[in-house]
Structure formats: C-alpha cells, structure tokens
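In what follows, chains carry the letters A, B, and so on, assigned in the order in which the sequence lines appear, proteins first and then strands, with residues in each chain numbered from 1.
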Amino acid sequence: MADEHYPEDLRYHREHDWVRVDGDEAVFGITWFAQDALGEVVFYEPPAVGATLAADATYGELESVKAVSDIYAPADGEVVSVNEDVVAAPELVNTDPYGAGWLVRVRLTNPARLDALMDQAAYVAYLAGLGEA
Amino acid sequence: MSDYTSVTSEDLAQMLATIGVESIEELLEAIPADVRMREPLNLPAGRPEQDVLAHLRALAARNTSADDEITFLGAGMYDHYAPALIESIILRSEFLTPYTPYQPEISQGGLQAMFEYQTAMSELTGLPVSNASLYEGPSAVASAAYMSKLANGRSEFVVSRGVHPHARQTLATVAHGWGGRVVEVELRDGVTDPSDLAAHIGPDTCAVVVQQPNFLGAVEDLVPIADAAHAVGAIPICSADPLTLGILEAPGHQGFEIVVGEGQTLGNRLDFGGPSFGFLTASVDHMRRMPGRIAGETRDADGRRGFVLTLQTREQHIRREKATSNICTAQALNALAGVIYLSWLGRQGLPELGELLLHRTAYARAQLATLEGVELIHDQPVVREFAVRLDAPVNAVIAACQERGIHPGFALERDYPEYPGGLLVAITEQRSRADIDLLVDTLGEVVAALGAQSAGVEVIR
Amino acid sequence: MTPPTDFAQTAQQREEVRTIFERGAPGRRASHLPVLDVPEQPIDDVLPARFRRRGLPLLPEVSEPEIVRHYVRLSKRNFDLDSGFYPLGSCTMKYNPKLHERVAALPGHSRLHPLQRPERAQGALELMWGLQNALGEIAGLPHVSLQPSAGSHGELAGVLLTRAYHEDRGDAREIVLTPDTAHGTNPATVTMAGYRVLGVGTDANGGVDLDDLREKATDRVACLMLTNPNTLGLFDPNITEIARIVHGVGATLYYDGANLNAIMGISRPGDMGFDIVHFNLHKSFTQPHGGGGPGAGPIAVSDRIAPYLPVPIVTRTEAADGPVFDLVDDLPKSIGRVRGFQGNYGVFVRAYAYICSLGGEGLRQASEIAVLNANYLRALLRKQGIGEYLATPFDRHCMHEFVMSGGPMKRDLGIRTLDLAKRMLDFGVHPPTVYFPQLVEECLLIEPTETETRETLETFAKILAEILAEAVESPETARNAPYTTPVRRLDEATAARVPVLRQPLG
C-alpha cells in the first residue's frame, strides 16, 4: 500500500477521483482516500475505448473483496485508452494510485469543466471536513 | 409436546430479573394491542415425538412410492440408485447443520466440497466455471436466461419445445418481471425443428435454449443449434441431464456458453420433487455475471491451502439492486450428495452406466414397438427415455397398469396436445430385463383391452 | 478457558489438504453396476458416433472406503450447529430435531415420484394441505403457495404477485420501497422483478421514518417491502400507520419472513396489514441448513392477491368416504410456475413435523423464549467488561435478535468487529452476523434462538468479556486470530483477483 498523499499537480472531484491534464487529453484515477476506503482492489471493469464520459457520471467499477465502487468521471471526455495493466493487476490501484494505477485516458470535450474541480489544498480540506462530520 | 427449549421456572425468574422486567409479556410491549393475537393459533395441540412419527408414517403409507410399484415414470426426475454411503455422509451433523460458510476458517469441509463439486460439474459439462449449485433445474434455466440478458441486453428467448414444460413455464413467469419474451420452437420428428428455429431467431434474440436429451427423450444435434444462435449474436444455453454426459458429448464442447440442469439424477432422492439441486456452468466470459455462491481456492496466513466463497461482489448482499441475482442460498447438501455420487460412480462408472441405460432403453423401446396399439412417436437416438403413442386413453391405461403394480410412464397430452395418447417411458438401471418384459406384457394387455373398449364407446356414440 | 495462541498443530492440520480428485489411482473404483441383461447391440446402432462423448470427464478413481474417509475427514473441518452455539443474526439457527430426518427418510415420502398421480399421493398432498393451512393461520393470510424454494425465491414470487395485481387493474407502477436497513436480497429481488428501488429512512427509534415514507409513497409505488421486527431486531410500533400510508396510495405491503421467529402466535403479519408474506421454512421451522441449502420459501397472501398465486396449489374436497386432495395448476390469473414440480417437499415434511410437535401453543412459547433469550443475552452483554466496548444502540427491549456496535471497541482497543469475530472461532462458538445491517457502525447482529440454554448464553458472554480483556492487554492477539481452526485467515483478495474455481485436471 502507498502512504497517504495527494499530489499538487492534480485536480480532484468530490467523489474522490483525480484528473491529470495533459494538453487536450487527461488521465483519470481514484485518490489514496478512495482506494483506502475500498480496501484491496480485485477487479476493474473499464469503459470501452471510444465511450463518451460525462462529468459527475459513473464510467466504470472497481471491486474489492467485499465492496463495489462506481468510478465517477471528474470531467467530460471521450475514452482514448484504458489502463490494461490495472485490468490485469487491479492491486496497482492500491500500490500506486496516482501512477501505474491510473484508470482511463480521455480526450477532453469540455475543458472548462475542470474549473469546477478542487485543487490539492481544497481537497485535503474537504477530506478533513468529512472526518469531522 | 416438544418445543426443544430448556428454560426452567428458576431460569425464567433469574433471566427476567437480570433483564429487569417482571414478565416476558413486558418484553413484547412494543407490539401494539391492535396487532396482537387475542386468540391462540388455531392449530392442533402439540404432540409427543412418537405420535408425530406415527402420524407422518400414516401419511407416507398413503403414497405409492417407487418402492411400492415397478415404475417407469421419469419426465424430469428419475429412480436411479443412490448408494448408501451418500446418506451416511450427508447426515453427519458437520454437513447437515451448518449455515452458508460465512466464516471460512471453520467451514473448510463445506467449502472444499463445493470446490470439488464445481470441478466435477465443469468436467461433465465441458465449461470452465461452475457455481456452487442453484435451487433446481427449471429455475436454473430461468437464471441462465437472466444472465444472458445481463450479457447482451436483449430480451427475446427462443426456447425449444423439447425443453421441460416446467422450465419453459418458469422462464415465462420470471421473464415477465424483467420484460423478457419467450417464443417456442416446434419439434419435428422428436427434435428441435431447424427450420422453425431459423424462422424464430434474429437480432433481438437474447438466447436460444434447448434440452439434452430433450423432454421426449431424443438426443438433440447440438452443434447446428449453437451455430445458429451464434450467427445472430445470441447465447446458446443447454439444459442437460448430467447423468448422460458420460456418453453424450458435453454441450460445452459443442459451442454452448451456458449449461444448466437438474441434479436430482446425481444421487438425490425423488422426494416428491425436491429438494434436489440445479447446476449452472459457463464460459469464462460469463463468470462475473453468474448467480449464486462460488467457492475458490486460496491460501491462509500460514500459506496453507484453503477455500473461500469468492467473487462475492456479484451477490445481493454487496451489490444490492445491481446484483446479478437475488439468490442467497445454494443447495449445498444436495450438491454434496451429487459430488459423492459422481466419485462413487467414478471415471469408468459414468460411461458404463450410460451404456447400460442405452442398451436397456433400446431393448424396451423395440419390445414396446412390437405391440399392437403402441407406436413410436419418434425414432431419434435416446438414452434413457422415449415416447410412444397408445391407441387407448392414456390416463386410463396408466391407472389400469398401476392396479397391476406397474407405473408405465408419464402422459404427454396435457403438456403436448400435439401428441394425443403420448406416453413417456423412462428406463433406469433399477429396471431389469424382467421388469421391462413385465411392462411390455402388461401394457400390451391393458392397451388391447382399453383400446377395444374406447373404440367401442366411439361406435356407440 | 483461554485457548492457546501458540499451539501444536493437530494431525488434521499437518496433513496436506487434498481434494477427492487428488486421491485414488488409475483403474480404482467404488461402483459396480447391474449386469447387462438385454441383448447388446453395436453401440453405433443405438447412439451414432457424432453424438458420443470424446474425451471422458475426469472424475475421481477412488474406492468406497477412500470416499467415506475423505468426506468424513472433510466434515471435521466444519463447525456445525450440533457442536456449538451459532448466534447468526437473521438466520435463526435453532436446533434441528432428529425426528425430522427420520420422517423425511420414510420411503413413502422420500421415494415418492413428483409426477405420481394425485390419487396415489394422497398422504403427501394431505401433508402439503395441512402445511398450507398452518402457515396461513400463522401469517394471518389464508391463501398459500408452497412452491418457492428459498426466501429469495419467495420474495421474487411475491414481488411478481404485486406486479400481476397492479397489471390486472391496468395500473402501471415502477417503484418498490425498501427500508435502508433491508437485507440485500430485497433490492436485488426488486430489480429482477422489473421495478426500481427507492430507499426509506430509519427513525431514531430504529423504525421506518414515517415522514420519509409519506413523502415517497406515491401512486407510482407498487409495494413496500418490510420485515417486522426489522433487521435491527426491533418491532416497529407504527406498523398500522405504515400499512395505512402504503394502502392509501394503492400499493401492496410485503412481509419478509426472515424474522418470523419473534412473533409466531403473538402477532400476525396479516393482522398488521401485510398483503404478501414469505416464510423461511429453514429458519422459523427448523430445516437443517446443510451448509447453504436446501430451504423453502412458501408465500401466504391476502384475498386480493390470491388469484395470482403461483401454481400448483393443493386443494381439498369432501367426498363420501373422506376428503380428497388434488393439485391444481389451472388458475387463470396465476403468475405461473416459479420452479419444477411442487416445491421442496422434503423440507415441507420436516416443517410439518415441527408444527405437529409444537402445536399452536408451542409455537408461541418458542417465539416467547426466543425473545427472552435475546433480551437476556443483551442484558449480559451490556454489563461491565463488555458494554464499554460494544455499544447497544436503541435503548429498548429487542425481539428475537439485537444489534451491537463495535465502534467503541475499534476506537479504544484498536480491534475491529471482524477481529472479534475471528477470535471467537478459537473459543468454539460461531460469531454473530457481522457488518449487517450496514446502518450500524462495526455491526454485530446476534440471534441466540429459543433452543439455547441459559448456560450457553452465559458462557458466550464470558467469552466476549475474556476476548475484550485480552484485547486491552494485547490487541494483536485478536487481530491475527484465529489460531486453533483448521486454517487461519484466508487470502480472499487473491481468490477474487485470480479466481481458481475448479481444479485443473488431466
């Protein structure tokens, strides 16, 4: 398992998904907090390449032994590729959530939506708020 | 009266004091008066064990069991021999009385038995993945259909009339809930009519369902059926009798993606229809859409081999309304009987039993076909069951034969009006040549007598 | 009574685990079949080669003594109800009377073919008719179908009945309400019956949140599925108001019979306003669970639902020389069959024998003592040494089961409910149901049943106190438990990631 951390170069969605922007494309994944809550990930059901993802809607599923979690798209886009390494070795989501454990690469169709997401500081504050609730 | 409790009056006083109430009544105070029973349940008073035994014996005595007559009745459940060791093992408290294995550390016996069962069913059907069993045969067909719907999202089920009528009816009942439609394919010469099948399948076809051997006992030519289903992107499902799979080619080797069926023939009692077990095996593509429990092999903290319930995220207790099925329970004890039976029969015994059935059934069929007033409904290859048409009222024939100690088989008319006078005759290894000869003599005489009688009645009318 | 945490392995555990497929030797066998006593024809004449199996199934090659020893040894790797306390909440693990196996095995029952003509199965049909009537009386709903095979199957039949009822009135509805404490089977069933699930909240007393229900109960709602007492073990005193709200919008009220063991002879679902009930004969009426089946899930319904019942049902008509029983399957509005034949008759025989043994009064006493035992155990677990670590939410008497929360234990001792459960295994008791209902943090759902002795309940409380005291000193002991079981904690993640679901052979 990785240690808890939230990279500064990412933007975050309230459902604990992250996005890394790369030109007009972007990579999505789930945060350390999300993988910790889920436990050992055993299965990744990815979307089809070419699928259209809508911000705030689910695009796939991650399963642990005793839980299933929907994965939410932090932004609108069209799937360019899915991480087949995670399909083959889902534990990558636990061991390296921001690196080898990425889930999909998309072509962004509405980059303006990114402005609605949290930066690292806001997300960390958001997590702290969840703990208090 | 027995109630299997143990609270003495002293216990009661002490327990109430610990709880801090005066009476049990006080514990029930949350139940409002207007929904409390004012009168006792209107049921007979409780009785001591020996009286209950006597009553249940008296009821049993009013049934004609397979011990009380020479029976050729099949049509979905069969009087095969179940060896004594099955009962001796499954009546052990350790197998009989645990719950579903939620705590794998203390359930290794049951979990390993499930794993062995899954291995055996996978071997028999020729498909790599088996669940740990389902309720019974017809509802297993409905489960396979729902799985297919989850796989391709289509809603039309093309079902051969060779599939057990109860399975077709069950599928129609449950498919109505999730919006599935069932269309039936006619039989021709006793087997699924290829041209009628072709006429019914298309881009809306979710799955094609056939039975092997079919309800009339005929062996279906499975490969063209699987090919026809695949040609339109539908999923081929076969309901198979596992006991015949020592001699008949495995449906999984013939293009079928899901194989289901009734497991009663594998060492389970007749029990007036249940409990037995249903089975379901599938190709790897369908693994995560399978219903029911599945056992898997793993290791414990010390590296020892062990077994757990796995792929549980398919199930209702985790996925709730998105579960692949609402099924919580398997028929673990009946499936255990199944795998013990298959171990007893063994690698050589299963095909040997199949051959014995083939020869005895062929003999019975040929002998019956020589009788006046009896003709074959089809001449397809059969394993253990075949259909004939009688020139006499079939229900009266059955009743008359039963008066003479023989049950000749199942009357087809109600489920198959297209076969008036139809009788389905089943030959298990428990029916010797002498039994078969007696059937032939008895049926010949009864059909002659009743055939003449009914012909006479018609003349008078 | 502390079991060792560092113990010598038993012979069973030292032995490498082998499956039946890894025993035996080529050519070895257990079965010997009857001789072929009819003329043998060339095999191609009776079954053409294109239908015959190529590549025989690789079944075991073992002798009879090997099979018996294999499965008897396997059996010793199971814990079972006949060996010890099994307080699994919502499962009603009451004693399974030995008489039941004797009566179910009588050839007149066990060797009866399901398609035997009714005139030659009068004993079986009379038994089913008697069971139908008894269940109808216990539910307070007179029309019964015994056909469904399990609780989940009865639920599916019940929601399909609701659909048939509404459709028959030309009333299309699309929502089924389930409380947020519902067992997962309820929502799964709703989807399979073609409806959409909408959750209803729980109020501070553990009952249905009436305001939330009023808001969600609209004319688009087909049904509310409920169990009472609910999955928290609490009787909902607002049940008549709930029924009024649900019936007011034209919906049906469905009773999940999982918790019937609390109220037999005390209160009846029909009198509470329920339209449809399923029974779990394997729970309230003590069918042995068989390590996960078989069971049976008959349903009882009110007059307005009766025309849609699944077929067949058993009827009784009076004739000159006594009553005649028959199987009827041509009810014009029936939803149809939900399985083959008549249902799990072998289960009916045991349930019927149980009802005959107890009678109406005995059933009521069984429920009363189930409630007494649960409240006694609850009182014992609230005491010093346990109550600080395991909270009992909802300060009211429970019915036949109760929930506790391992929240304080997790915070103060650093062990989770799962650890507590695993450590119980070392003490020879089965843990309660854990992590259900999900509403309660680190939940334990405890159902002792009426057949346990006072001493057993007291021993269980002592075991819990001892495990918690041990955890104060050494939480690691529980975290790594169990130690004395045939295997220790198993790697479920690897089992799910790389599923090995059968043995590779050949």
Side-chain angles (χ1 to χ4, degrees), chain B residues 2-3 6 15 30 41 43 45-46 56 59-60 62-67 89 93-94 97-98 100 105-106 108-110 119 122-123 135 138-139 166 169 173 177 269 271-275 296-298 300-301 305-306 310 316-317 320-321 323 326 329 331-333 343-344 347 349 362-363 433, chain C residues 17 29-31 37-38 46 57 59-60 71 74-75 77-82 103 106-108 110-112 114 120 122-123 149 152 184 187-189 191 193-194 197 235 265 288 290-294 336-337 339-341 344-346 356-357 359-360 362 376 453 485 487-488 495 500 502-503:
Chain B
S2 321
D3 67 3
S6 55
M15 292 165 82
L41 283 171
L43 294 174
L56 272 286
L59 289 173
R62 294 174 56 214
N63 300 325
T64 304
S65 82
D67 282 355
I89 293 167
S93 293
E94 298 91 335
T97 69
T100 296
E105 298 87 348
I106 53 165
Q108 285 299 298
T119 303
S122 168
E123 275 295 311
Y135 306 135
S139 56
H166 292 178
Q169 291 159 19
T173 301
R269 294 168 171 174
D271 267 340
F272 201 41
E297 184 178 332
T298 188
D300 80 350
R305 186 182 192 182
T310 192
Q316 42 73 31
H317 64 283
R320 298 178 77 85
E321 68 268 22
N326 71 336
T329 186
Q331 298 280 113
L333 198 68
S343 302
W344 175 79
R347 195 172 294 192
Y363 173 77
R433 177 178 183 160
Chain C
V17 168
R29 62 186 300 163
S31 64
D37 51 2
V38 297
V46 286
L59 295 178
Y71 285 106
L74 265 197
S75 78
R77 294 166 67 83
N78 269 359
F79 181 81
D80 65 286
L81 176 60
D82 281 350
V103 294
L106 292 170
S110 66
R111 301 262 300 128
L112 180 59
R120 284 178 174 266
Q122 286 293 295
S149 314
S152 52
T189 300
T191 304
V197 179
F235 194 93
R337 290 188 159 275
R339 56 160 286 164
F341 307 115
N344 282 342
Y345 177 77
C356 287
S357 292
Y376 181 59
T453 63
T485 47
V487 291
R488 297 189 55 204
V500 179
R502 60 154 290 174
Q503 179 152 10

### Query
Of the listed residues (A60(B), P98(B), P138(B), G274(B)), which shares the most heavy-atom pairs with chain C below a 4.5 Å separation?
P98(B)
### Query
Is it true that a side-chain atom of R433(B) and a backbone atom of D37(C) form a donor plus acceptor pair closer than 3.5 Å?
yes
## Note on the structure
Scored by heavy-atom pairs under 4.5 Å with chain C, the best of A66(B), A362(B), A301(B), G296(B) is A66(B)
### Between E105(B), Q169(B), R269(B), the one whose heavy-atom pairs under 4.5 Å with chain C are most numerous
E105(B)
## Note on the structure
On a heavy-atom basis, the closest approach of R488(C) and D300(B) is N-OD2, 2.8 Å
### Message
My understanding is that only residues two or more places apart in sequence, or in another chain, count here; which of them pass side chain to side chain contact (heavy atoms under 4.5 Å, CB included) with T64(B)?
### Response
D68(B), E69(B), Q116(C), R120(C)
### Query
Nearest 0.5 Å, what's the CG-CZ distance between D271(B) and R111(C)?
10.5 Å
### Pick from A30(C), G346(C), G265(C), G290(C) with the largest number of heavy-atom pairs that fall under 4.5 Å of chain B
G290(C)
#### Entry: Partners passing ring-ring contact (aromatic ring centres under 6.0 Å, His included) against F235(C) (at least two apart in sequence or in another chain)
none
#### Entry: Which portion of V46(C) sits near chain B, non-hydrogen atoms under 4.5 angstrom
both
### Query
For T191(C) and E321(B), which heavy atoms make the closest approach, and how far apart are they?
OG1-O, 2.6 Å
### Message
For the CD atom of E297(B) and the CD atom of Q503(C), what is their distance to the nearest 0.5 Å?
### Response
7.0 Å
### R62(B) CZ to Q122(C) CD distance, which is reported to the nearest 0.5 Å
6.0 Å
### Heavy-atom donor-acceptor pair, T485(C) side chain to I106(B) backbone, under 3.5 Å
no
### Message
If I measure from the heavy atoms of chain C, does A323(B) come under 4.5 Å with its side chain, its backbone, both, or neither?
### Response
side chain
### Structural part of A193(C) lying under 4.5 Å from a heavy atom of chain B
backbone
### Message
Can you tell me which portion of T310(B) sits under 4.5 Å from chain C's heavy atoms? Options are side chain, backbone, both or neither.
### Response
side chain
### Message
Between Q331(B), R320(B), Q108(B), who has the most heavy-atom pairs with chain C when the cutoff is under 4.5 Å?
### Response
R320(B)
### Summary
Answer key: most heavy-atom pairs under 4.5 Å with chain C among L43(B), L59(B), I89(B) is L59(B)
### Query
For S65(B) and G108(C), which heavy atoms make the closest approach, and how far apart are they?
CB-CA, 4.1 Å
#### Entry: Heavy-atom closest contact (S343(B) atom, Y71(C) atom, distance)
OG-OH, 4.1 Å
### Message
Tell me which of these, G360(C), G291(C), A188(C), G194(C), has more heavy-atom pairs under 4.5 Å with chain B than the rest.
### Response
G291(C)
### Query
Any sub-3.5 Å donor-acceptor pair from N63(B)'s side-chain atoms to G123(C)'s backbone N or O?
yes
### Query
Counting only N and O atoms by type, is there a donor-acceptor contact under 3.5 Å from the side chain of S139(B) to the main-chain atoms of R339(C)?
no
### Query
Do you know which of P57(C), P60(C), S75(C) has the most heavy-atom pairs under 4.5 Å to chain B?
S75(C)
### Sidechain-backbone polar pair: R305(B) side chain, V17(C) backbone, donor-acceptor under 3.5 Å
yes
### Query
Can you say whether L56(B) sits under 4.5 Å from chain C via the side chain, the backbone, both, or neither, judging by heavy atoms?
both
#### Entry: Closest approach of G292(C) to T100(B) (non-hydrogen atoms, all atoms of both residues)
CA-OG1, 3.4 Å
### Query
In Å, rounded to the nearest 0.5 Å, how long is the span from OG of S110(C) to CG of D67(B)?
7.5 Å
### Message
With rounding to the nearest 0.5 angstrom, report the CG to OG distance, L81(C) to S93(B).
### Response
8.5 Å
### Heavy-atom pair count under 4.5 Å with chain B, highest-scoring of G336(C), G184(C), S149(C)
G184(C)
### Summary
Assert top hit (heavy-atom pairs under 4.5 Å, partner chain B, pool D82(C), L106(C), N78(C)) equals N78(C)
